[in-house]
Amino acid sequence: MFRPKIPTMPTPTGTVTPPLVEPTAIVQHTPNPAPAPVAPAAPARPVVQLTPGTALALVGAGTAVVLVVGAVLVSMLLAVAVTAASVTVCAVVLRSLLNHQHKR
């Protein structure tokens, strides 16, 4: 069930002629001399060195991002909670009005 189905190659129906092969001349080349050793290249990307000031700035930026994302998530949760409470209050008021009307 989980194995792929590999299609089979169809068999030829007519006469098959082999492809035409033309003989080619063999030419021998002299081997190229070995390349000279190359000095190691400088790294493509420079190494980043963190100074105490940049490390402090990175920590401050990370803290700010965490605080902002946390504030947004808490405000969204609070909005959902307020909406649910208001819907609950509306449902209770409507239920009491409908029950009061049936008792008359």
Side-chain angles (χ1 to χ4, degrees):
M1 180 171 144
F2 294 109
R3 293 185 172 207
K5 294 181 180 177
I6 301 171
T8 57
M9 190 71 165
T11 56
T13 55
T15 57
V16 179
T17 57
L20 181 62
V21 178
E22 296 180 12
T24 57
I26 298 174
V27 179
Q28 292 193 358
H29 296 285
T30 58
N32 292 337
V38 180
R45 294 179 8 186
V47 178
V48 177
Q49 295 179 354
L50 292 177
T51 62
T54 57
L56 189 62
L58 286 175
V59 169
T63 304
V65 167
V66 167
L67 289 175
V68 168
V69 169
V72 168
L73 291 177
V74 167
S75 65
M76 289 171 62
L77 181 65
L78 185 62
V80 169
V82 168
T83 304
S86 66
V87 167
T88 304
V89 168
C90 289
V92 168
V93 168
L94 284 175
R95 182 178 174 192
S96 68
L97 286 174
L98 291 174
N99 282 340
H100 183 64
Q101 188 178 14
H102 286 293
K103 289 183 181 177
R104 284 188 183 191

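Values below: every heavy atom of this structure, side chains too, minus hydrogens, waters and symmetry copies.
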With a cut-off of 3.5 Å and sequence neighbours excluded, list every side-chain donor-acceptor pair involving residues 68-77.
residue, atom, partner, partner atom, Å
Ser75, OG, Ala71, O, 3.2
Ser75, OG, Val72, O, 2.7

| request: Looking only at non-hydrogen atoms, find the nearest pair between Thr83 and Ser86 and report the distance. | output: O-OG, 2.8 Å
| note | Heavy-atom nearest pair, Ser96 first then Val93, reads OG-O, 2.8 Å
| said: Once side-chain hydrogen bond (donor to acceptor under 3.5 Å, both in side chains) is applied, what residue pairs with a partner in residues 46-61 remain, sequence neighbours excluded? | reply: Thr51-Thr54
